[in-house]
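See structure below.
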Amino acid sequence: MNASSAMLTAMRGRWAVAAIFLANGFLTGSWAPQIPVFLTRLEITKFTLGLLILLFGAGAVTAMTWCGHLISKQGSRTVLRWFGLCGSLGLLVVALAPNVPLAAIAMFIFGGSIGGMDVAMNANAVVVERRLSRAIMSSSHGFWSLGGFAGGGLGGFAIQHYGHLAHAAVVTALAFAVIAVAVRHLVAEDRPQATEHHKFALPANPLVYLVGLMALLTMISEGAVLDWAALYLRQELGADLAVAGLAYAAFSGVMAIMRFFGDGVRNRLGAVMTLRASALVAAAGMLIAGLSPSPWLAIAAFALCGFGIANMVPIIFSAGGNQEGMSSGTGMSVVTTMGYSGILVAPSAIGFVAEHLSFGPIFVAMSVLLVVVLLMAGLAHRAEFAPDPTPAE
């Protein structure tokens, strides 16, 4: 294959993996407006809903744990095909569940498919970066947020007018069509890197765990908005389903915009200053949302929070992958595992707390966690020394 053909293949792969990020975000965002219906349809308490969301997280973490091994054996393209096509069916399986036991199984499967898809698409994006010799990760996550914006924004309206099953069926059809086309153009590793799959060992450097804690606190807030913002607007601020779905849509839509432009901001201000400013904005948005007397003010506040959180995670992950005295893979593994536990597992605890408190104080508490990240932002200085993505010849 000549250089021009190889570049064309890499560019097709770049847009293919972007489409899968978009589809993954669309599926995740479409779940958010389904939550209030899920609660009332199964006639369950917030505590039970929290347990079911915990099963979603458990499925995701389980898949993430062994997805890396699959990729080392089969390559990211093959694994992404499996998880992508299966993942597109996850929301429909949840929407069809008629009772709590079957809903529990459905949530575990849905979480597992989304989690495995997440690992595989990020791994494939790294392959594309190597082929193109330039970074595409931030914009890929921007496509994920754009998908979340579309899913959350259209979902409430669709459910209110056409019902939750029709909504889930349309989401499934759209996601499956996009993924089925995209997987044909994914690029593959030259060979699966099985020789790089080492035995697990915890790194000794304590700084990487502090960076992981920043990822955890940031992604807890992101997960809180995903899983509970619509219910907060619906039950406590009196919004209808269409308006309630706009909370996550506003959050993810603004996040998408900032992720597309975030690299320029970071290059100008530096990683630490960008992280500090972002954490301050995110904390302010979460505080206003928790104290809001009206759904529209809360929606605007969640949008402000999305503006801040957008570039916090990429900077924190970059810092984790550039820790002194360890490989980038080891540092990234710790930070991403801690971070994703925040967005996948920790929000279930919010359901337990919400049984005794309203959601307002919970979102105020989220703002405090973001202030902690602001105070720890200096630990992200290692992100300033990220290696040049262009491979050395």
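In terms of modelled atom types and a separation under 3.5 Å, the side chain of Ser292 and the main chain of Ile288 share no donor-acceptor contact. Within the 3.5 Å criterion, the main-chain N or O of Phe359 finds a donor-acceptor partner in the side chain of Glu236. Formation of a donor-acceptor pair under 3.5 Å by the His381 side chain with backbone atoms of Gly378 is found in this model. Thr45 places a side-chain N or O within 3.5 Å of a backbone atom of Thr48 that can act as its donor or acceptor partner. Put simply, the side chain of Gln34 never gets that close to the backbone of Ala95: no donor and acceptor are under 3.5 Å apart. At least one donor-acceptor pair under 3.5 Å links the side chain of Arg41 to the backbone N or O of Ala97. Side chain of Thr62 to backbone of Ala58: a donor-acceptor contact under 3.5 angstrom is found. Asn124 contributes a side-chain N or O that, together with a main-chain N or O of Val187, makes up a donor-acceptor pair within less than 3.5 Å.
Pairing each heavy atom of Ile309 with each of Ser221, the nearest pair is CD1-CB, 4.0 Å. Closest approach of Ala244 to Ala239, counting heavy atoms only: N-CB, 4.1 Å. Between Gly156 and Pro33, the shortest heavy-atom distance links the atoms N-CB, 3.6 Å. Heavy atoms only, all atoms of each residue included: Leu52 and Met107 are closest at O-CE, 3.4 Å. Of all the heavy atoms in Cys305 and Met286, the pair that sits closest is SG-CE, 3.5 Å. Leu275 approaches Met214 most closely through the heavy-atom pair CD2-SD, 4.5 Å.
Taking the side chain as every heavy atom from C-beta outward, Met255 and Glu222 approach each other to under 4.5 Å. Looking at Leu374 and Leu370, their side chains never come closer than 4.5 Å, going by heavy atoms from C-beta outward. Using a 4.5 Å heavy-atom cutoff, the side chains of Pro36 and Leu241 are in contact. Two residues are said to be in side-chain contact when any heavy atoms from C-beta on lie closer than 4.5 Å; Trp31 and Phe38 meet this criterion. With contacts defined as side-chain heavy-atom distances shorter than 4.5 Å, the pair Leu132/Met7 qualifies. Considering only heavy atoms from C-beta on, Trp144 comes within 4.5 Å of Thr28 through its side chain. Taking the side chain as every heavy atom from C-beta outward, Val225 and Met366 never approach each other to under 4.5 Å. Put simply, the side chain of Phe83 reaches to within 4.5 Å of the side chain of Val79, judged on heavy atoms.
Every pair passing side chain to side chain donor-acceptor pair (under 3.5 Å) that includes a residue from residues 240-260 is listed here, sequence neighbours excluded: Ser145-Arg259.
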Please assess Arg14 against Ser139 for the test side-chain contact (heavy atoms from CB on, under 4.5 Å), listing each intermediate value before the final yes or no. CA-CA 10 Å; Arg14 185 264 179 278; Ser139 61; 2.6 Å; yes
List the steps and the verdict of side-chain contact (heavy atoms from CB on, under 4.5 Å) for Leu291 and Leu287. CA-CA 6 Å; Leu291 298 176; Leu287 178 64; 3.9 Å; yes
Show your working on side-chain contact (heavy atoms from CB on, under 4.5 Å) between Phe307 and Phe251 and close with a plain yes or no. CA-CA 8 Å; Phe307 184 96; Phe251 175 85; over 6 Å; no
Do Leu49 and Leu231 pass the side-chain contact (heavy atoms from CB on, under 4.5 Å) test, and can you show the C-alpha distance, the side-chain angles, and the key distance before you say yes or no? CA-CA 11 Å; Leu49 177 59; Leu231 201 61; 4.2 Å; yes
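Hydrophobic clustering (side-chain heavy atoms under 4.5 Å, transitive across Ile, Leu, Val, Met, Phe, Trp, Tyr) keeps Phe149 apart from Leu22. Under a hydrophobic clustering in which Ile, Leu, Val, Met, Phe, Trp and Tyr are joined whenever their side-chain heavy atoms come within less than 4.5 Å, directly or via other members, Ile362 and Leu233 fall into the same cluster. Two different hydrophobic clusters hold Ile316 and Met258 under the rule that ILVMFWY side chains link at heavy-atom gaps under 4.5 Å. Follow the hydrophobic side-chain contacts under 4.5 Å out from Val364 and you never reach Leu217; the two are in separate clusters. Both Val372 and Ile220 belong to a single network of hydrophobic side chains, linked directly or stepwise wherever heavy atoms of I, L, V, M, F, W or Y lie under 4.5 Å apart.
Atom CE of Met121 is separated from atom CD1 of Ile179 by 9.5 Å, given to the nearest 0.5 angstrom. Note that OG1 of Thr172 and CG of Leu27 are 7.0 Å apart. Values are rounded to the nearest 0.5 Å. Between Leu237 atom CG and Ser358 atom OG the span is 9.5 Å, to the nearest 0.5 Å. Distance check, rounded to the nearest 0.5 Å: OG of Ser294 to CD1 of Ile299 gives 8.5 Å. To the nearest 0.5 angstrom, Leu375 atom CG is 9.5 Å from Arg276 atom CZ. Between the CD1 atom in Ile44 and the CG atom in Leu39 there is a gap of 5.5 Å [rounded to 0.5 Å].
Checked against a 6.0 Å centroid threshold, the rings of His167 and Tyr162 do not count as neighbours. For Phe363 and Trp228, the gap between ring centers reaches or exceeds 6.0 Å. Taking the six-membered ring where the residue is Trp, the centroids of Phe56 and Phe108 are separated by 6.0 Å or more.
No donor-acceptor contact under 3.5 angstrom links the side chains of Arg234 and Thr40, judged on distance only.
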